[in-house]
Peer 1: 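Below you'll find the structure I mean.
To find a chain, count down the sequence lines: A is the first, B the second, and so on, and within it residues start at 1.
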Amino acid sequence: MKKYDHLKIEGKWQKEWDKKKVYQAKNAGKGKKFYGLVEFPYPSGAGLHVGHIRSNTAMDIISRKRRMEGYNVLYPMGWDAFGLPTENFAIKTGIQPAIVTKRNTDTFRKQLKSMGFSFDWSREVNTTDPAYYKWTQWIFLEMYKKGLAYKAKSEINWCPKDKIGLANEEAIGGVCDRCGGPTEKRVKEQWMLAITKYADRLDKDLDGVNYLDKIKIQQRNWIGKSEGLIFSAKVKDSDITIQTFSAHYEACFADTFFVIAPDHPLLDKLLEGRKEKDAVLKKAKEIVQKRDTQGNEYKDVDGVFTGRYAIDPLGNGELPIWVASFALKDYGTGIVKCSAHDERDFAFANKFNIKIKEIIIPKVVDKKNPPQEGKETVERNAIQAIIINPKDQKVLCLKWKKFPWTTLVVGGIEGNEDPILAARREVLEETGYKNLKYIKTLGGQVESHFYAAHKGVNRKALFTAVVFDLENEERVETSAEEKSIHDIHWMTWDELGKDKNLTCSEYDIWVDRFFNKPHPVMDGVLMEPLEFKGREIHEVRSDITRWLVDKGFATKKTTYKLRDWVFSRQRYWGEPIPLINCGSCGWVPVPVKDLPVTLPKVKSYAPTDNGESPLATISSWVKVKCPNCKGPATRETDTMPNWAGSSWYYLRYTDPKNKKEFASKKNLKYFTPVDWYNGGMEHTTLHLLYSRFWHKFLYDLKLVPTKEPYAKRTSHGMILAEKGEKMSKSKGNVVNPDDLVKLYGADTLRMYEMFMGPFDQAVSWSTESMIGPRRFLERVWKIYQSMTVKNPKDKKFLADYAASSVENILHKTIKKVTEDIENMNFNTSVSSMMILVNEMDKVGYVKDSDFKMFLQMLAPFAPHITEEIWRDMGEKKSIHLSKWPKWNKSKIIDDEVKIVVQVNGKVRTEIMVSADMDEESIKNKALNDKGTKSWIDGKEIKRVIYVKGRLINIVV
RNA sequence: GCCGGAGUGGUGGAAUUGGUAUACACGCACGACUCAAAAUCGUGUCUCGAAAGGGAUGGGAGUUCAAGUCUCCCCUCCGGCACCA
């Protein structure tokens, strides 16, 4: 028997596929096309990661299946090769980035080829290739011409020790990634791309694409669309008008103060000539500094009064304007109108004793005695009296005799009666205590809904809680009637809260208010404006919006969290920004005929002392003639971020060698959109959003045929190291795929990565477990080698075979694998193929036509071993160009089915019935089965439930 | 804090979407082959119980003939965002 020599087999077929161009896509082929895409890797020095293999194998399986289904498949690969690690390596070693990149991409290519991926290598692209980045620059200039690229001041992270601008990921927590020292913010003029102009479409068009829900949700959160209102307010004693943005404005009549961001541009003007100016600005600066250095850790409620007031547009008078730590200059208008009905505003008002006004009252529904349908609802104002005995701090409670109720003293307010008087009266009537000292009223009213069983009506009560101290025990005799209703008890707050019969849904509210633990009311019933009085806050929004706008109080406004894209980097290893700065003409685009602006060679790759790109040191490159006026001018020395090249690479694959356009219309029309794009969740908010933005821009220029670049987007889970931590060089837990390919083979590695767990979830690596898929492939190999009957004509053999389960399981497996691949359930397709192989092994023989179908189904997973056996069986053409097997319905149907018999939901026995037996007969058979008898004998059978082809449940 | 996702044997995980919980695989134990080991093959492997039976899907309640799956509350872990008005 021949040994399964994976090294020999895999090398042989990889060469053959290359030679025969098996995986090359045809430009504008006639038939149906499929464009499968995986994120092109950054060719780091560390080489291919097992995570790359997971994603690439998945799309490889899908692409291979599509090919076998008759599609013209484009499954390309390339290099996202600009970036920091290469540049930092160059700074350290002096080796040119281009040379390092060449070296790394060669390694990656070799590794990817050794995995047997069906990439069309004739379409390889590289973002650092001038022939590629010519078009990156070209698209940028188109954006510039349309006003989407502009220069603005922006903050960068700056390390004063290394004198270098740092990317955000290099300055996490305000610490320099290189030297560990503190970083600071520096304001620099930077090129920006106006992605916010596309924010609405980037949000809305998600409706039309097939992305995983979690991806859409993350993108939507990132874009952060929020529909709200703008209020304008005149500042008192000045001609300034401030504007505020609110998204939650239902309670805007409660607003009692304004806050402005400490770094708001208007702050200076607001303070002009005022005595508070210096103190306020000092405080504001302090807050901004804390924010910068502490980042997300900074959560202090802090602020200062500006000394100025603005006139409330809703007629609530002059409201103070404060500087507040939580106000952000870049969101909304940077100024907020604040009320007690917002958590942050409330905390701020509390801390600085700013007057508040509450216009939402809480609404509670008694869960024990909920309002009953069909009963009349009686509305009234009422009190709850909280009588405290100062000796032991116990609370006066009533235990009802006819009902299982424990309550406070409760009673209605009559007419225009004062709540305190009403409370005194009720306490006297119900308990006889007459000497009470008024302490306080617990906040505003609470709207309470319950069924008053003693009165037989539903009640909507507006409760006010009034607190008294008991001065002494002196009581008047209460009426016999009162005595028959309830007993008096004194309980601590705690005892009361734990009382099973407590009938007071307001209890938690009273406790919080009593012990001065105020929290903002966010939900409940609106009291102002009068037009909306009594309505619940969560259902009033659309009406109150219309009302506020119609009355001219406010105007509608939509804001986004998404910010414009900072597009400049003061780095060497990126696409030069193709603009020229001319003293007389301003910024002038490099003429298209002069593109690309290529990177010159430099001596040092480190940024200059003042934070400029190293390109700035090469005066021969920087100094140019203005393309416009021919006068002296200088080149922009900033480069693009590495998100630039990846924003459109999928377009270049369709026509990678085109010198006249970034891709021909014809090819774009045929191949785009990408039918299926798989990648990591870490690219959901940046790369995915950026490339959608570029694509939409190109669509507006009518340069691409679709609104969206990717029809479908899925994502893979991360592969973690054995202990469940991230793989990283520093932890030394990185798995090297090269070793595994040598030891077990690419087919085994591919199978293992598909088998190890659900594709979309994170899994821990386990080299030990790889032996499973390896054994599986060896078993496949062995079955083929020992398969003796090749062309069976022997009737007895055919009859035996038909009686065996191989054929049945084979067709079931084809069905399962066919469906599983579409849903990326690779782990279960592998396990079902394992079950099939175990069966073939057990039976001991298999028809070769059936074995071939099995090989075809396995081919996308393990392309080498299947090709080897396929050819050895006499096939002349590649298995990967053969037709995807179809399952035969009639072979899936079982003649006999197993029915589980349950008694009262517990499995008691199983019966075998023929598939066409009718329900009645099956039920009878189950009831008379001896396994069932002992469980149902002498018991009344109440119901028999039959689930077709599955089970019978006998209820006794 | 907010938004996602998850919690099932010693381990990775399955479960036709409400219908036999633990498929498949790893590991482990025992056996066969072997002078021996490796590899391979076979048997066993949630738990209590001698058995009959009972109990288990993070915890607690509920709906149902039937719950890993649905509903409510709570706990833990992972990912993303984080003062977004």
Peer 1: Name the nucleic acid region contacted by A/Phe776, choosing base, sugar-phosphate or nothing; use a 4.0 angstrom heavy-atom cut-off, strictly under.
Peer 2: nothing
Peer 1: Per the ring-ring contact (aromatic ring centres under 6.0 Å, His included) rule, what does the pair list look like for residues 929-948 of chain A, sequence neighbours excluded?
Peer 2: none
Peer 1: Once you apply a heavy-atom cut-off of 4.0 Å, does A/Lys906 come out as touching a base, just sugar-phosphate, or nothing?
Peer 2: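 Since only primed, P, OP1 and OP2 atoms lie under 4.0 Å of A/Lys906, the category is sugar-phosphate.
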Peer 1: Hey, what's the ring geometry for A/Phe348 with A/Trp322, parallel, tilted or perpendicular (30° and 60° as the breaks)?
Peer 2: perpendicular
Peer 1: Could you check how far OH of A/Tyr249 sits from C1' of B/rA85, rounded to whole Å?
Peer 2: 13 Å
Peer 1: Measure the distance from CD1 on A/Ile217 to P on B/rC3 and round it to the nearest whole Å.
Peer 2: 11 Å
Peer 1: Please check if the side chain of A/Arg220 supplies one atom and the backbone of A/Lys225 the other of a donor-acceptor pair under 3.5 Å.
Peer 2: no
Peer 1: Hey, is the side chain of A/Lys329 poking within less than 4.0 Å of OP1 or OP2 on B/rC83, counting only N and O atoms?
Peer 2: no
Peer 1: For the residue pair A/Tyr4 and A/Trp781, categorise the inter-ring angle as parallel (less than 30°), tilted (30 to 60°) or perpendicular (more than 60°).
Peer 2: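 Plane angle between 30° and 60°, so tilted.
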Peer 1: How many Å lie between CD on A/Glu682 and C1' on B/rG79, as a whole number?
Peer 2: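 The answer, rounded to whole Å, is 11 Å.
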Peer 1: Hey, does the side chain of A/Asn838 come within less than 4.0 Å of B/rA25's phosphate (OP1/OP2), counting only N and O?
Peer 2: yes
Peer 1: For A/Ser764, which contact category applies under a 4.0 Å heavy-atom criterion: base, sugar-phosphate, or nothing?
Peer 2: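 No contact at all - A/Ser764 keeps every heavy atom at 4.0 Å or more from the nucleic acid.
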Peer 1: Heavy atoms under 4.0 Å, any strand shown: does A/Arg908 hit a base, just sugar-phosphate, or nothing?
Peer 2: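 Sugar-phosphate contact only.
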Peer 1: Between B/rC28 and B/rA38, how many Å separate the two P atoms, rounded to a whole number?
Peer 2: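 B/rC28 and B/rA38 have their P atoms separated by 11 Å.
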Peer 1: Which of residues 747-761 of chain A sit near RNA chain B, with a heavy atom under 4.0 Å from it?
Peer 2: A/Phe755, A/Met756, A/Pro758
Peer 1: Between A/Val763 and A/Gly332, just flag the one whose closest nucleotide in RNA chain B comes earlier from the 5' side.
Peer 2: A/Val763
Peer 1: Within the structure shown, what part of the strands sits under 4.0 Å from A/Ser246 by heavy-atom distance: base, sugar-phosphate, or nothing?
Peer 2: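 Touches sugar-phosphate only.
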Peer 1: Base, sugar-phosphate, or nothing: which does A/Glu343 touch, judged by heavy atoms less than 4.0 Å apart?
Peer 2: nothing
Peer 1: In terms of the nearest nucleotide of RNA chain B, which residue is placed more toward the 5' end: A/Thr559 or A/Asn221?
Peer 2: A/Asn221
Peer 1: Check every strand shown and say whether A/Gly303 touches a base, only sugar-phosphate, or nothing at a heavy-atom separation below 4.0 Å.
Peer 2: nothing
Peer 1: Hey, is the side chain of A/Arg775 poking within less than 4.0 Å of OP1 or OP2 on B/rC41, counting only N and O atoms?
Peer 2: no
Peer 1: Heavy atoms only, 4.0 Å cut-off, all strands: where does A/Lys561 land among base, sugar-phosphate and nothing?
Peer 2: base
Peer 1: For B/rA85, does OP1 or OP2 lie under 4.0 Å from any side-chain N or O of A/Thr244?
Peer 2: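 Answer is no, no contact under 4.0 Å.
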Peer 1: Could you work out the separation of B/rU63 and B/rC73 based on their C1' atoms and round it to a whole Å?
Peer 2: 15 Å
Peer 1: With a 4.0 Å cut-off on N to O distance, would you call A/Lys815 and A/Glu819 a salt bridge?
Peer 2: yes
Peer 1: Return the set of residues passing side chain to side chain contact (heavy atoms under 4.5 Å, CB included) with A/Asp342 (not counting sequence neighbours), or none when no residue passes.
Peer 2: A/Arg344, A/Asp345
Peer 1: Taking atom P in both B/rA67 and B/rG62, what distance in whole Å separates the two?
Peer 2: 13 Å
Peer 1: Report the base-pairing partner of B/rC26 (Watson-Crick or G-U wobble, both distances below 3.5 angstrom), or none.
Peer 2: B/rG10
